[in-house]
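All values reported here derive from a predicted model rather than from experimental measurement.
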Amino acid sequence: MLDRLIDASKIEAIEQIIDKGERFAILVHRNPDGDAVGSATALALFLRARGKSATVIVPNAFPVFLAWLPSADETIVYETARDEAVAAIGAADALFCLDFNALSRLGELGEVVASLAAPRVLIDHHLQPDEGFAVEVSYPAACSTAELVFRIIYRMNNEALTHDIAECIYTGMMTDTGSFAYASNSKDIYIIISCLIAAGIDKDLIYRRVFYNYSPNRMKLLGYMMYDKLRVYPAFNAALLTLTYKEMRRFCVAKGDTEGLVNMPLQIKGVRFVCFLREEVPGKINVSLRSVDDFPCNSVAAEYFSGGGHKNASGGEVYGTMEYAVERFRTALSKYKQQLTE
Ligand code: 5GP
Ligand code: MN
């Protein structure tokens with residue numbers, strides 16, 4: 001019933017790498033999200049069930065609303081445990097690279113990975129992956145990396161899906177599709193969900209664990225952002241949110257507190273493009289972009305914010321002041337006016 005999305009040769013190549021090796025490291029992008037952590041923990045659990053050693057390494061910490069994921073507490077955070085992370089990567093027979101398309105998305109950790117000879121297996125759904133992977137499972141048509149991990153596990157052994165693996169996979173699929181509100185029209189997604197439910201997950205509970213888990217600060221921040229910080233540009237069908245370092249401190253913003261804010265202005269009638277500028281450290285502005293339909297926010301990310309990503313969800317960064325970042329955004333609006341308003 002499931003379409004055979006991934007080439008059989010790639011499944012075989014991965015199976016050979018798994019069979020040949022003993023230790024594996026699983027790496028995901030900086031600022032790991034639900035798909036990064038969900039797909040990585042799912043793969044780690046699968047490898048361990050096959051009698052292998054598998055370590056998940058994240059460049060920096062993930063949000064607390066993902067801490068409940070099965071085996072997430074065994075993850076090594078490179079930023080706070082560099083030696084341990086480097087040792088685990090160095091000892092690996094192969095490295096699984098999940099939910100990113102270029103080693104630069106690992107931050108500093110990318111240089112460590114690039115210097116190693118161990119084969120790298122890419123499992124990802126972003127466009128235009130870097131070269132240098134021994135096996136490349138890159139399918140932008142997949143809703144999430146977790147969907148691809150499901151497909152790999154299912155094809156290798158359709159009885160390997162445990163309750164815990166299913167919880168991890170569902171979390172990745174749910175978070176990368178805005179709870180199946182976008183990038184989720186493929187029938188296969190719902191066939192996969194039915195397999196996950198058959199494996200015993202409580203999808204309503206997973207939803208609550210992830211989304212009904214915010215701090216009071218986050219709710220105050222949300223009110224402040226929508227009331228005071230939202231700027232709508234009706235002539236461009238666009239909206240902007242900004243959050244300075246000072247404001248981050250004022251609202252005691254913790255990891256995950258800003259998650260999802262960028263999507264909210266898309267609820268405004270007519271808005272097709274949203275930019276969220278967040279000064280995470282003084283002088284460095286993190287950029288999140290979202291769009292609907294055909295507007296390619298990844299082009300804006302690449303052209304104006306040294307970034308990239310998916311057509312409807314992308315990001316990047318700006319070094320400089322908030323004023324400068326806003327100026328970049330306004331310039332982008334002028335340049336893309338026609339595409340935004342057609
Ligand atoms: P978010 O806004 O959730 O941080 O990122 C949304 C998406 O944008 C990510 O899934 C990723 O595909 C892409 N993205 C975010 N930041 C960057 C970046 O600095 N470079 C590239 N190439 N893509 C990014
Ligand atoms: Mn993803």
Side-chain angles (χ1 to χ4, degrees), residues 1-28 32 34-57 66 69-72 74-75 92-100 119-125 133-139 141-177 184 186-203 206:
M1 253 197 317
L2 270 182
D3 293 336
R4 288 173 76 85
L5 182 71
I6 304 173
D7 290 351
S9 62
K10 297 190 179 193
I11 304 277
E12 277 164 32
I14 294 179
E15 198 150 25
Q16 271 180 19
I17 287 176
I18 294 174
D19 287 346
K20 247 176 51 192
E22 279 309 317
R23 290 166 195 281
F24 300 97
I26 302 169
L27 304 154
V28 301
D35 189 29
V37 184
S39 59
T41 45
L43 182 62
L45 292 168
F46 173 70
L47 292 171
R48 288 175 200 154
R50 287 201 153 206
K52 308 292 177 177
S53 151
T55 310
V56 176
I57 294 137
L66 299 173
L69 278 166
S71 84
E74 294 168 51
T75 299
D93 298 313
L95 309 172
F96 286 91
C97 298
L98 267 54
D99 204 33
F100 64 90
R120 299 196 278 273
V121 178
L122 178 75
I123 305 175
D124 179 48
H125 66 135
F133 293 98
V135 186
E136 200 181 86
V137 176
S138 167
Y139 292 91
C143 77
S144 56
T145 299
E147 175 190 332
L148 294 171
V149 169
F150 173 89
R151 288 174 180 277
I152 290 168
I153 293 175
Y154 183 81
R155 296 265 292 277
M156 281 189 192
N157 172 5
N158 65 9
E159 291 182 356
L161 188 72
T162 61
H163 167 268
D164 284 2
I165 293 177
E167 281 198 327
C168 299
I169 289 182
Y170 186 79
T171 302
M173 292 175 67
M174 177 186 78
T175 51
D176 250 27
T177 57
S184 51
S186 142
K187 73 169 177 28
D188 278 9
I189 290 174
Y190 304 93
I191 297 172
I192 294 172
I193 293 174
S194 76
C195 296
L196 302 175
I197 291 175
I201 67 158
D202 180 340
K203 67 176 244 332
I206 293 176

(message) Using side-chain heavy atoms (C-beta onward) and a distance below 4.5 Å, is E15 in contact with R50?
(response) yes
(request) Taking all heavy atoms of V149 and all of A42, pick out the closest pair and write down the distance. (result) CG1-CB, 4.1 Å
(request) List the steps, then state whether side chain to side chain contact (heavy atoms under 4.5 Å, CB included) holds for L47 with I26. (result) CA-CA 10 Å; L47 292 171; I26 302 169; 4.1 Å; yes
(message) Tell me the closest heavy-atom pair linking I201 and A166, and the distance in Å.
(response) CG2-CB, 3.4 Å
(message) For T162 and L45: C-alpha separation, side-chain torsions, deciding distance, then whether side chain to side chain contact (heavy atoms under 4.5 Å, CB included) applies.
(response) CA-CA 9 Å; T162 61; L45 292 168; 5.5 Å; no
(message) What's the separation between atom CZ in R48 and atom OG in S71, rounded to the nearest 0.5 Å?
(response) 5.0 Å
(message) Strictly distance-based, threshold 3.5 Å: is any side-chain N or O of N157 a donor or acceptor partner for the main-chain N or O of E159?
(response) yes
(message) So which atom in I189 and which in C143 form the shortest heavy-atom distance, rounded to 0.1 Å?
(response) CD1-CB, 3.7 Å
(request) For D35 and T175, indicate whether the former's side chain and the latter's backbone hold a donor-acceptor pair under 3.5 Å. (result) no
(request) Determine, stepwise, if the pair E74 / V56 fulfils side chain to side chain contact (heavy atoms under 4.5 Å, CB included). (result) CA-CA 7 Å; E74 294 168 51; V56 176; over 6 Å; no
(request) Quick one: pull up CG in L122 and CG in L27 and give me the separation to the nearest 0.5 Å. (result) 11.5 Å
(message) Could you measure the distance from the OG atom of S138 to the NE2 atom of H125? Nearest 0.5 Å is fine.
(response) 10.0 Å
(message) Quick check for you: to the nearest 0.5 Å, what is the distance between L196 atom CG and Y190 atom OH?
(response) 12.5 Å
(message) Please give me the minimum heavy-atom distance between G172 and S144, naming the atom from each residue.
(response) O-CB, 3.8 Å
(request) Measure from the side-chain N and O atoms of Y170 to the backbone N and O of D202, and report whether any donor-acceptor pair falls under 3.5 Å. (result) no
(request) May I ask you to decide whether R151 forms a salt bridge with D188, counting only side-chain N to carboxylate O separations under 4.0 Å? (result) yes
(message) Walk me through whether D7 and Y139 qualify under side chain to side chain contact (heavy atoms under 4.5 Å, CB included).
(response) CA-CA 11 Å; D7 290 351; Y139 292 91; 3.8 Å; yes
(message) So for atom CZ, which belongs to R23, do other residues, nucleotides or ligands contribute more than 12 heavy atoms lying within a distance under 6.0 Å?
(response) no
(message) Can you give me the closest heavy-atom contact between A36 and S39, atom names plus distance?
(response) O-OG, 3.3 Å
(message) For the CD1 atom of I169 and the CD atom of E167, what is their distance to the nearest 0.5 Å?
(response) 11.5 Å
(request) Would you check if the side chain of K52 reaches a backbone N or O of I18 as a donor-acceptor pair within less than 3.5 Å? (result) yes
(message) Looking at every heavy atom in both L5 and R155, which two are closest together, and how far apart are they?
(response) N-NH1, 4.3 Å
(message) What's the separation between atom CG in D99 and atom CG in L148, rounded to the nearest 0.5 Å?
(response) 9.5 Å
